[in-house]
Amino acid sequence: MTWPHPASPFHPGERMIQRRLGVRERVEEGGRRLIRDFLRDEHRDFYAGLPFLVLGSIDAEGWPSVSIAYGKPGFASSPHAKALVISIDSRSAMPAVKVLATGVDVGILGIDLATRRRNRLNGIVSAIREDTIEVTIVQAYDKCTKYIAVREWFEAPPSPTTFVCESNSLGDLEQAIVTAADTFFIASALGRARDDPSYGVDASHRGGAPGFVRIDDARTLTVPDFIGNFAFNTLGNLLLEPRCGLLFLDFATGTTVEIAAEAEILWGGPEVVAIDGAQRLLRFHLRYVRRSEGAVPLRWTLAAVQSDSASTTR
């Protein structure tokens, strides 16, 4: 077995949902085979070729946040199988970066939109040196390629200034970005029990056809949850700790919309039945919204042919 610990790779929230849906034993067996505490060589090379990462972290009050870390390919590297080193400007205003310190938990999602490959890892910041952080890997495994909109990236000149707008609700511009989105990222977390490697921060991708994120009102979003890998990393966190961070990225302009929210899981009922294929719904009650125009100096063009675009995955 690949998982090196006697305890389950899944924490109590994940296990509760797996039991509820009758997949507990099967998922446990798969998790012990597929979840590692190191990066395989192919994934070390994968991270080194990426122009951006999705970074999740948690502040001192327990609020998760999610940001985009970016750079020329090679800005992330794995000096050995147990570590990932990322070049990050420590002066960055990105919420997930501002709280980084030695010993804190982080969740990282490596995703190549052109090939739809992705790898997820959870870890602990083991060192901060000038403008780099080193993460010791606690969990790492592949995620499926479904529901990722295929895009090619190119570098754009960084804006001389980044306009930031903060509020406790979605304005017209934020609503336009959310409505048009076929992708968003979510950070969720359980404060780590230091003797239990299943705890920590998770950074994950959600994708679907534009409009899959429904705006109920300026402070409420609803997202369908479709069949995924049955690990329930995000839902397991939200079951026990509903606070989360969301990030929407306008791939054409580099503008981000970062949201702090509390999540509610709707397990059934007319609202779930009304959405074809939905297994349940996630409802996000917004507490804070931050729009940063041109925050990411990368741009993406959408491929003409897409597949698997109608659903979301964990």
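Both backbone and side-chain heavy atoms feed into the values below; hydrogens, waters and symmetry mates do not. The shown structure was predicted, so the numbers you read here are calculated from the model rather than taken from an experiment.
The minimum heavy-atom distance linking Val66 with Gly245 is given by the pair CG1-O, 3.6 Å. Leu238 approaches Ala263 most closely through the heavy-atom pair CD1-CB, 3.8 Å. Of all the heavy atoms in Pro224 and Ile275, the pair that sits closest is CB-CG2, 4.0 Å.
Using bins of under 30°, 30° to 60° and over 60° for the plane-to-plane angle, the ring pair Phe212/Phe184 lands in the parallel bin.
Residues Thr301 and Arg299 have side chains that never bring a donor and an acceptor to within less than 3.5 angstrom of each other. Side-chain N/O atoms of Asp131 and Ser87 include no donor and acceptor closer than 3.5 Å. Judged purely by distance below 3.5 Å, without hydrogens or angles, the side chains of Tyr47 and Asn119 pair a donor atom with an acceptor atom. Side chain to side chain, Thr255 and Asp250 fail the donor-acceptor criterion of an N or O pair below 3.5 Å. Under 3.5 Å, the side chains of Arg120 and Gln139 contain a donor-acceptor pair of N or O atoms.
Cation-pi geometry between Arg206 and Phe185 is not met: the NZ or CZ atom fails to fall both under 6.0 Å from the ring centre and inside 45° of the normal. Arg36 forms no cation-pi arrangement with Tyr141, by the criterion of a distance under 6.0 Å to the ring centre and an angle within 45° of the ring axis.
If you chain together hydrophobic residues whose side chains sit under 4.5 Å apart, Ile108 and Val85 never meet in one group.
Taking the ring-ring contact (aromatic ring centres under 6.0 Å, His included) definition, one finds that His5 meets it with Trp3, sequence neighbours left out.
Evaluation of the side-chain hydrogen bond (donor to acceptor under 3.5 Å, both in side chains) test over residues 53-64, restricted to residues two or more places apart or in two chains, returns none.
Salt-bridge check for Glu155 with Lys72: passed, with a basic side-chain N closer than 4.0 Å to an acidic carboxylate O. One finds no salt bridge joining Arg118 and Asp142 here, because no Lys/Arg side-chain nitrogen approaches an Asp/Glu carboxylate oxygen to under 4.0 Å. A salt bridge links Arg214 with Glu271; the closest basic N to acidic carboxylate O contact falls under 4.0 Å. Using a cutoff of 4.0 Å between basic side-chain nitrogens and carboxylate oxygens, Glu293 and Arg291 are scored as salt-bridged.
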### Task
Output, in order, the C-alpha distance, side-chain angles, deciding distance and verdict of ring-ring contact (aromatic ring centres under 6.0 Å, His included) for Trp153 and Tyr70.
CA-CA 12 Å; Trp153 72 276; Tyr70 55 83; over 10 Å; no

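Rounded to the nearest 0.5 Å, atoms CG (Leu286) and CG (Leu246) are 7.0 Å apart.
The residue from Glu241, Arg243, Arg283 that alone fulfils the side chain to side chain contact (heavy atoms under 4.5 Å, CB included) condition with Glu262 is Arg243.
A heavy-atom distance below 4.5 Å is not found between the side chains of Glu174 and Phe248.
Counting heavy atoms of neighbouring residues, nucleotides and ligands inside a 6.0 Å radius, atom CG of Asp172 does not exceed 12 of them.
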